[in-house]
Amino acid sequence: IFYKNESDCMMALAGVYWTLATDHVYGERYSNILSNTDDLSYYARLNQSGQVYTNSHNSSNNDIYQTWTQLYSGINNANVLLDNIDAANIPDAAVKNRIKGEAKFLRAYYHFLLVQSWYEVPIRTETVTDINNSSLAATPHAEAIDWIIKEMEDCIDLVDDSKYDLSPSHVKKTTVQGILARVCLWRAGSPSNGGKEFYEKAAKYAKAVYDSHKHKLYQGDIYAIWKNIASDKYDTEYNESMWEVEFIGTRVDGKFTYSRIGNTIGNWQENTSSTGKGYAYGFYCGSLILWDLFEKNPGDLRRDLSMATYKLDASDAAVYWKDTEIVTRRCGKYRREWTTTSPKEKNNDQINYPVLRYADVLLMLAEAENEAGKAPTDLAYDAINEVRERAGIDKVENLSYAEFQQEVRDERARELCFESLRKYDLIRWGVIKEALTLFSSRSSVKSSYPAGDNFQKGKHELFPIPLDELQLNPMFESKNNPNY
C-alpha cells in the first residue's frame, strides 16, 4: 500500500510537480509553441502550416492535444494524493498541511492554464477511477476562475512560509499570492470582465508579496538572474525568481527531464560538439514592435539581453548582427553558453523556466492599483519605477489613468518578453487582434510570420478542444470553441 507515510506522500507530490517539467508544458509545448504567438516575437522558420505559431491549427493539432492531456494528468495525480494523504502516518500536522497545500495549489494552477487557453473546460476534483465513466461537462468560465481563486486562497496558510523561501522550485506562500494576482487580473479583464472587484483583489495579493520583503530585484547585472537560471543556481540574496520549473540532466549524463529551453527558444548557437557551448536552433526572434519599445527609452539595459546581439558559430565564436539585422536577433534570455553541463546533448539541457518573477509582481501591482481606482497611486508609481530604474531608464510621473495604463503595458513587454505571458496579457486587455495586425503590417519578416494575417477575432483567442476529447466526452455534445 502506497501513501503510508511522509516519504510516500512526498514522492507522490513530486509526481504532481512533474507535469510542469514535461515537454508538453514548460519543457516546450505550453511555454513556447502555444504561448509565444504574440507581437513581440516570431517563429523564424518557413512553411509551418497547421501550427499554433502560424494560427493555422485545428482541433487535430498534436501540440494542443498533448498539453491538454498532460495538464489533466497532473490534475489527476493531485487528486489521487489528496484522496489518500489523510490516512498517511505523518505526525507533523504542518508537514501534512504543506503537502496538501502544494497539491491543491498545483491542481488549481493546472486548471488555470486550461481555462485561460480553452475558456470552458471540465473542473476535475475527483480521481478518475473508471475512464469509461469519467465524462464531465465544462464549467462556465467565470465560475471556473472563481473556483480557482478560492482554491488558491485556501492554500495561502497551508503552504510553507519559511523553509522554501530560498528555493524557487517549490511553491510557497508568496508564490501562491503572486499567482493569485495573475489569476485575478485575468478574471478582471476579458473575457470574463470581472472589473474593479478583481483588480482590487489582484492589488491585494501583489501587495502582500511586496510587503513580505522576501523578494527584491536583482541589482548590478541585468544578465545575472538569467545566468543563474541557466546554470542551476539559486539566487539567495535577492530571491527575484519566485517560482521556476526545475529541469535536470542532458539525456547523455544519465539524468533527464525533457526541455528544449535554450534550444528551440534561446540564442542561436551552431556548435554540435558535445564539448562545445551547445547547439541551439534559436527559432524565436524579437520583433520590430519589441525593438521600438526598447528604443523608446535609449539605454534600456534589457534590449541586448532580450534580443541577443550575436550568434555563436560552429567554433563558438561570436558573430555580431549588423544594424540592419534587427529582427534576426534571437531571444537572448535562455543561452546555452551559460549552462554548466558537460557533455552537451544536441537538443536538451537543464535551463530552468521562470513561471513567476518579482518584477512581474511589481508590474501587476502597478497595473491593478491603476485599474482599481482609474488613476495611478503612489504605490503604483513606486512599483513600476522600481522595475524601470533597474533597467536603467527614467522614472515615470504625473500620468493620467490612460497614460499610466499604456506605460504598464509597454513595461510588461520590455521586462517579461519571451516568458509565456504576453499573449495572455493581450487577450485580457482585449487587444490581441489589433496587436498582431500591427505587427503583421510592419513586419519585414512577413513570410516567416503569417500568424497576424491568419488571426481571426472570435476564434484564435482560444484553442480548440482537442478532437479526441470531443469524441470521448459526450458532455461536450461535439461542440467546439467558436469557429473551429
Side-chain angles (χ1 to χ4, degrees), residues 2-3 8-20 22 24-25 30 65 67-88 90 93 96-159 171 173 175-177 179-180 182-184 186-187 192 194 198 201 205 355 462-463 465-466 468-470 472-477 481:
F2 201 62
Y3 305 102
D8 287 353
C9 290
M10 285 298 293
M11 289 176 64
L13 181 61
V16 182
Y17 274 98
W18 169 251
T19 284
L20 295 168
T22 60
H24 308 315
V25 185
Y30 173 80
Y65 169 76
T67 302
W68 169 285
T69 302
Q70 187 61 58
L71 288 171
Y72 272 115
S73 175
I75 288 167
N76 196 61
N77 287 342
N79 284 333
V80 174
L81 173 55
L82 291 169
D83 284 348
N84 288 278
I85 189 170
D86 283 339
I90 305 178
K96 182 174 284 191
N97 283 337
R98 176 182 59 75
I99 296 171
K100 281 184 181 180
E102 290 179 61
K104 275 174 64 74
F105 173 81
L106 290 169
R107 181 177 67 177
Y109 183 70
Y110 297 154
H111 276 108
F112 174 62
L113 298 188
L114 286 160
V115 170
Q116 192 178 43
S117 294
W118 283 272
Y119 189 57
E120 293 186 347
V121 304
I123 299 296
R124 294 193 174 274
T125 59
E126 297 180 358
T127 301
V128 174
T129 57
D130 180 2
I131 196 67
N132 295 313
N133 189 31
S134 61
S135 296
L136 290 177
T139 301
H141 185 79
E143 181 182 331
I145 295 292
D146 291 345
W147 175 84
I148 290 164
I149 291 171
K150 179 62 168 62
E151 283 285 293
M152 289 186 175
E153 288 174 335
D154 289 346
C155 298
I156 291 174
D157 293 324
L158 292 176
V159 298
V171 169
K173 185 172 185 176
T175 308
V176 176
Q177 292 165 329
I179 295 296
L180 265 167
R182 182 180 295 171
V183 177
C184 289
W186 177 267
R187 179 67 171 86
S192 64
F198 291 96
K201 272 197 166 189
Y205 288 119
V355 180
L462 311 175
F463 294 133
I465 306 299
D468 283 6
E469 182 69 18
L470 285 180
L472 292 171
N473 186 349
M475 303 297 282
F476 278 111
E477 299 179 343
N481 282 329

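The side-chain heavy atoms of Leu106 and Leu20, taken from C-beta on, include a pair separated by under 4.5 Å. Side-chain atoms of Leu114 and Tyr72, non-hydrogen and from C-beta on, do get closer than 4.5 Å to each other. Contact annotation: the side chain of Thr139 never approaches that of Val121 to less than 4.5 Å [non-hydrogen atoms, C-beta and beyond]. Looking only at side-chain heavy atoms (C-beta outward), Trp118 and Pro466 come within less than 4.5 Å of each other. The side-chain heavy atoms of Ile90 and Cys9, taken from C-beta on, include a pair separated by under 4.5 Å.
In terms of heavy atoms, Arg124 sits closest to Arg107 at O-CD, 4.0 Å. Contact record, Glu102 with Val159: N-CG1, 3.7 Å, taken as the closest heavy-atom pair. Asn76 and Glu126 make their closest contact through OD1-O, 4.3 Å (heavy atoms, listed as atom of the first residue, atom of the second, distance). Listed here is the closest heavy atom pair of Ile149 and Cys184: CD1-SG, 3.9 Å. A pairwise comparison of heavy atoms in Ala144 and Val115 identifies CB-CG2, 4.0 Å as the closest pair. The heavy-atom pair separating Pro122 from Leu136 by the smallest distance is CG-O, 3.5 Å.
Tyr30 pairs by the side-chain hydrogen bond (donor to acceptor under 3.5 Å, both in side chains) definition with nothing, not counting sequence neighbours. Residues satisfying the side-chain hydrogen bond (donor to acceptor under 3.5 Å, both in side chains) test with Thr19, not counting sequence neighbours, are Gln70.
Counting heavy-atom neighbours within 6.0 Å of Phe476 CZ, excluding the residue itself, gives a total above 12.
Classification of Lys150 and Asp154 as a salt-bridged pair holds, one side-chain N sitting under 4.0 Å from a carboxylate O. A salt bridge is defined here as a Lys NZ or Arg NE, NH1 or NH2 lying under 4.0 Å from an Asp or Glu carboxylate O, and Lys100 with Asp86 meets this definition.
Under the 30°/60° scheme for interplanar angles, the aromatic rings of Phe105 and Tyr109 are found to lie parallel.
Formation of a donor-acceptor pair under 3.5 Å by the Thr69 side chain with backbone atoms of Tyr65 is found in this model.
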